[in-house]
Amino acid sequence: MNIHFAHPMYLWALLGLIIPLWMHFYHRKAAKVLYYSDLSWLEKIHQEGKGLKQIQKIWLLLARLISLFFLILGFANPLGPISFNKTSQSNLILYVDNNPAQVLAARKTFLTKSTSLPASPNGQAHLFFNDFESQDFELKAWPQIREQWNQRGPGLEPIKASQILTHAQQIAEENQQEPLLYWFSDFPKNKSLPSFPTKGSYVLQTFQGINSDNVFVDSVHLSHKFIRPNTSYEVIVRMKNGGTKLANKRQISLYLNDFMMATQSVILEPNESTELRFPFSLAKSGVYRAKLMSDDPVAFDNSFYFMLQSSEPRNIYVVGNAQNLEKVFEKEEFFEFKSIQASEILPAHLPEDAFVCLVGVEGRTATDWKALNTWVSQGHSLAIIPSQGPTEAILQDMNRFFAGTGKQLAQTSQSELPVQQVSTRQSFFQEIVTKKSLNRASKLWTSKPLWEWNPGNETLISWMNGKPFLEKISLGLGSVFLFSSHVLNQQDGFNKHGLFLPVWHEMVLSSGLSPVLHQRITSQGIEIKASADFVYQSADKSLLSWQKQGQNFIPEQNWLGKSWLCRIPQTMMQDLRSGANGFIDAQVGGKAMATFALNYPKEFSQLATYSEKELEEHYEGQKQVSIRHDVPTGLGESNPRTSWALLCFGLALFFFLVEMALVLWNSRSSRTSPVNR
C-alpha cells in the first residue's frame, strides 16, 4: 500500500514504545527469598491461578502499545491513497510569471505565493516559467515544484500571452488531455489580458501588485550622430513614470566612468513622460561607460547603462567624376575621401560606415541598382547626382530603385531656375545655423534641373517652382540624398555658393549609422561584431565569453560570418545579486571584441496591474476561466490522498479506553477474591 506521511519526523517517536516493554519485563524479574522465624503470624492468602493473571497483563501491555502506536501515527498524519468523494482528473499545469518586477522588486510576495501550493509529496503537476525549458513536459512532485519556485531567478525575455497558451496546449496534448492551467502573474496593464479558448480550464492566480512610483529610462539618444572630441553635445533622455503613484522630485544623475556629470529632478504623474537633456563633452577618443541613476524605490531598474565614444572618421567614396568635391573634405580630419571604380559599389566591397556618392547614373545595370537598394536599406547612405539629361531607360531604372518610396522621377526642361530660401527650422540646417554659415550665404543661386519629382517631407532645398533641388529620401533603414541638377559642374550656381561646403559636410556627418548606445535584453538575442582583424577559426578556438563584475559567462552563440548572435546566459539571469543588466566585456581568448551595456526591457518597469475585481469583470461569463487564491489540496494527484490522522487518533483513544477497562477490571477482581486466614 502506497502511504505517505505529512510529518514523517514524528515517526521517530515510535522508538518510545521500547519503554513500556522494558518496564513490563523489568517487573517480571525473579522473586527474592525472605526468611521468617515464625510463619504462624502470616495470613494465609488464597492462591489464585497464574494463567488468567498472565493473560490480563499481556492484553494490558498490548492495549497500551497499540494506543501509543496510533497516537504517534496520528501526529505523523498518514496520507492514504483512498478517496471516497473525489475523482481522478487531468494533470495540472502551472505557469509562473517570473518577470523582474516580481522576482527582484517584490520577491517576498513572489515567494509567499508558493506557500499556497499543496504539500503532499504524492501530488504532481507540470511547471514552466517565462524561459521555457524541455523539463516543462515532465511531471514534478509538489515539494520539487516549491523548491524550483523558491530558487527561481527573473525570466528576462518578454513573453506574449499567446506563447504561454501555446506552450500549455503542447504540454496538454503530450498527455492527451485538455489544458488545466493555473496562471500565476501580476497581470500588468501594459499587456493585454489573455484570451482563453473554450476548451480546458484556466485558473488565474494574482500576485499582489507593487503600489509605488517608478521612474525609468524609456529611451536615450544623442543630439547629433557624429561625435567629435572636445565638442559639446547633449544626451537626450526620455523618462517615464511606470508606477501607480506620483513621482515627486526624483533625482536623475548622469555618470561618465563613475564620475557624476549632472543631476536633474523630475515630477511625474503615473504614466507621464518627460524629456531631460544632459550636456557632455568627450575629451579624447575611446569608450566611456555612462549610466543614468535615480533614487527610485524600485531597485532593479533604477540604473540605466549606455556607452559613449567619439565617432570614427567618415569614409566618402565617389563613383564617377569627382571634379572639385575632394576639396570639400581635404582639410577636415573627420573625413577620408576616396575615388573608386563603378565595380566597387557592390555591398560586399563597401565598408559599413561609408558614404557613397554616385556621380552619373549611366551604365548601371538592373543588378547594380538592386545591390545598391539592398545596401542602402541596411542603414547606409547614398548621394545621387545626375551628370546629363536622363534617357527613358535610366528613368525606368531609377523609378524601380525608388519603388515603395512614392517617388516618380521624370525629365524636365533644362533652363535655369532660382532656388528659394531654405528653412532654418529643419533639423538638417541646425548645425549649419550654429556655425553662422547660413547667414553668410543668404543670397541663393540658380541652376539647371535635369530631372524632377514630387516633393516629400524631407525636401532640404527647393526650386522656386516648389520642386525639390535636394531631398533626403528614406529607403529601408538608410537614406538617399537625391540632387536634381549636376551640382559638381564648375558652372553650376550651387558649386560656387557658400552653402556648398556645409551642406555636403552635414549630409555626410548626419547620415552615418546611429551609434548603438545600449542593448536591451531580448528573445531575439544580442549581436556582437568581431573586430576588424579577427579571423574565425573554430567553435572552440573562437568561443566568445562575457566578463561582468569579475564573473565569467559563456552565452549560447552562433557565428554569423562577421559577428556572434548571443543569448543571455541562464546563470546570469538567475544571479539575483548582480542581475543581468550592466556593462559587459565580450572576449575571445582574452582579447576584447566589444564592450556593451545591457538593460532590462522597459515593459518590465510598468508596475500598474489588474486587480482581482477587474479580472472578474473582464472574464465574466467565461465559464472556463476562474480566479482563486490558492491551489486546492489533493489537486495534481491521480488518486487524491485522504488524511488518516483522525482515524489514528480515534483508534488511539479506543485502545486507551480498552487499557483503562482492563486496569479497572483487574483491580476489581483483586478486591473481590476470597482470602483464607
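What you see below is based on every heavy atom in this structure, not just the backbone, and it leaves out hydrogens, waters and symmetry mates.
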Specify whether Y619 and F196 have parallel, tilted or perpendicular ring planes, treating 30° as the upper limit for parallel and 60° as the lower limit for perpendicular. tilted
Answer yes or no: is there a donor N or O on one side and an acceptor on the other, between the side chain of N599 and the main chain of G582, under 3.5 Å? no
Do Q547 and N552 have side-chain N/O donor and acceptor atoms under 3.5 Å apart? yes
N91 backbone acceptor or donor facing Q177 side chain under 3.5 Å: yes
Within 6.0 Å of CD in Q208, more than 12 heavy atoms from elsewhere: no
Atom CD in E612, atom CZ in R628: separation rounded to 0.5 Å? 13.0 Å
For a ring-ring contact (aromatic ring centres under 6.0 Å, His included) check, start with the C-alpha distance between F184 and Y95, then their side-chain angles and the critical distance, and finish with the verdict. CA-CA 6 Å; F184 293 84; Y95 160 65; 8.9 Å; no
Any side-chain to backbone donor/acceptor pair from H126 onto D136? Under 3.5 Å, distance only. yes
Can a donor-acceptor pair be found, under 3.5 Å and without considering hydrogens, that links the side chain of N241 to the backbone of L268? yes
Write down the atom of N302, the atom of D296, and the distance for their closest heavy-atom approach. ND2-O, 3.4 Å
Side chains of I554 and S545: closer than 4.5 Å at any heavy-atom pair? yes
Would you indicate whether the side-chain heavy atoms of I252 and V266 approach each other to under 4.5 Å? yes
Considering residues, nucleotides and ligands other than I267, do more than 12 of their heavy atoms fall under 6.0 Å from its CD1? yes
Which atom names give the shortest non-hydrogen contact between P143 and A119, and what distance separates them? CG-O, 4.5 Å
Check D258 with K291, please: is the shortest side-chain N to carboxylate O separation under 4.0 Å? yes
Is it the case that the ring center of F649 lies less than 6.0 angstrom away from the ring center of F75? yes
Using every non-hydrogen atom in the two residues, find where W149 and F110 come nearest and quote the distance to one decimal. NE1-O, 2.9 Å
Is there a donor-acceptor contact under 3.5 Å linking the side chains of S116 and D630? no
Audit row: L222, Y233, side-chain contact (heavy atoms from CB on, under 4.5 Å) steps and yes/no: CA-CA 7 Å; L222 303 179; Y233 298 97; over 6 Å; no
Assess the side chains of D301 and N214: does a donor N or O sit below 3.5 Å from an acceptor N or O? yes
Value for CG (N190) from NZ (K602), rounded to nearest 0.5 Å, stands at 11.0 Å
When you measure from the centre of the six-membered ring of Y610, is the NZ or CZ of K189 closer than 6.0 Å and no more than 45° off the axis? yes
Checking the side chain of S542 only, and the main-chain atoms of Y536 only, is there a donor and an acceptor separated by less than 3.5 Å? no
Closest heavy-atom pair, S563 versus K529, reported as atoms and distance to 0.1 Å, is CB-CA, 3.6 Å
Heavy atoms, side chains only, cut-off 4.5 Å: are S294 and R250 in contact? no
Go through the steps for Q148 and K140 under the test side-chain contact (heavy atoms from CB on, under 4.5 Å), then give the verdict. CA-CA 10 Å; Q148 287 193 12; K140 304 176 182 68; 3.4 Å; yes
Run the salt-bridge test on K245 and D213 with the 4.0 Å N-O cut-off and return the result as yes or no. no
Classify the ring geometry between Y305 and F583 as parallel (under 30°), tilted (30 to 60°) or perpendicular (over 60°). perpendicular
Distance only, no hydrogens: is a donor on one side chain within 3.5 Å (strictly under) of an acceptor on the other, for N150 and S114? yes
Under the rule for salt bridge (charged side-chain N to carboxylate O under 4.0 Å, His left out), what residues qualify as partners of R520, not counting sequence neighbours? none
Exam field: side chain K191 to backbone I159, donor-acceptor pair closer than 3.5 Å: yes
Carboxylate-amine/guanidinium proximity below 4.0 Å for D131 and R152: yes
CA sep, side-chain torsions, deciding dist, call: R277, E234, salt bridge (charged side-chain N to carboxylate O under 4.0 Å, His left out): CA-CA 6 Å; R277 291 177 173 264; E234 287 183 322; 2.7 Å; yes
Check the orientation of H380 and W375. Use parallel for under 30°, tilted for 30 to 60°, and perpendicular for over 60°. parallel
Salt-bridge criterion met for K199 and E178 (N-O under 4.0 Å): no
Strictly by modelled atom types, are Q251 and T263 linked by a side-chain donor-acceptor pair under 3.5 Å? no
So with a 6.0 Å cut-off around CG of N457, is the heavy-atom count from everything else above 12? no
Which word best sums up how the rings of H167 and F132 line up, parallel for under 30°, tilted for 30 to 60°, or perpendicular for over 60°? parallel
When you measure from the side chain of T522 to the backbone of G525, do you find a donor-acceptor pair of N or O atoms at a distance under 3.5 Å? no
Verify whether one side chain among R289 and Y255 offers a donor that lies under 3.5 Å from an acceptor in the other. no
To the nearest 0.5 Å, what is the distance between NZ (K240) and CZ (F216)? 5.5 Å
Give the C-alpha distance, both sets of side-chain angles, the deciding distance and a yes or no for side-chain contact (heavy atoms from CB on, under 4.5 Å) between Y202 and W183. CA-CA 7 Å; Y202 306 91; W183 188 308; 5.9 Å; no
Can you measure from NZ (K613) to CD1 (I627) and round to the nearest 0.5 angstrom? 12.5 Å
Mind listing the closest non-hydrogen atom pair of A594 and I528 along with its distance? CB-CG2, 3.9 Å
Does the side chain of D186 come under 3.5 Å of the side chain of T609 through a donor N or O and an acceptor N or O? no
Rounded to the nearest 0.5 Å, how far does CD of E556 lie from CG of L544? 13.0 Å
Min side-chain heavy-atom separation L543-V588 under 4.5 Å: no
Looking only at side-chain N and O atoms, does D585 offer a donor or acceptor that is under 3.5 Å from a partner on T595? yes
Exercise: identify the closest heavy-atom pair between I171 and F128: CD1-CD2, 3.9 Å
Mark yes or no for whether E147, through its side chain, and I145, through its backbone, hold a donor-acceptor pair below 3.5 Å. no
What is the distance from atom CD of Q163 to atom CG of N130, rounded to the nearest 0.5 Å? 9.5 Å
Should L181 and V203 be marked as a side-chain contact (heavy atoms from CB on, under 4.5 Å) after you check the CA-CA gap, both sets of side-chain angles, and the distance that decides it? CA-CA 6 Å; L181 176 64; V203 182; over 6 Å; no
Going by heavy atoms in the side chains, are I473 and S479 under 4.5 Å from each other? no
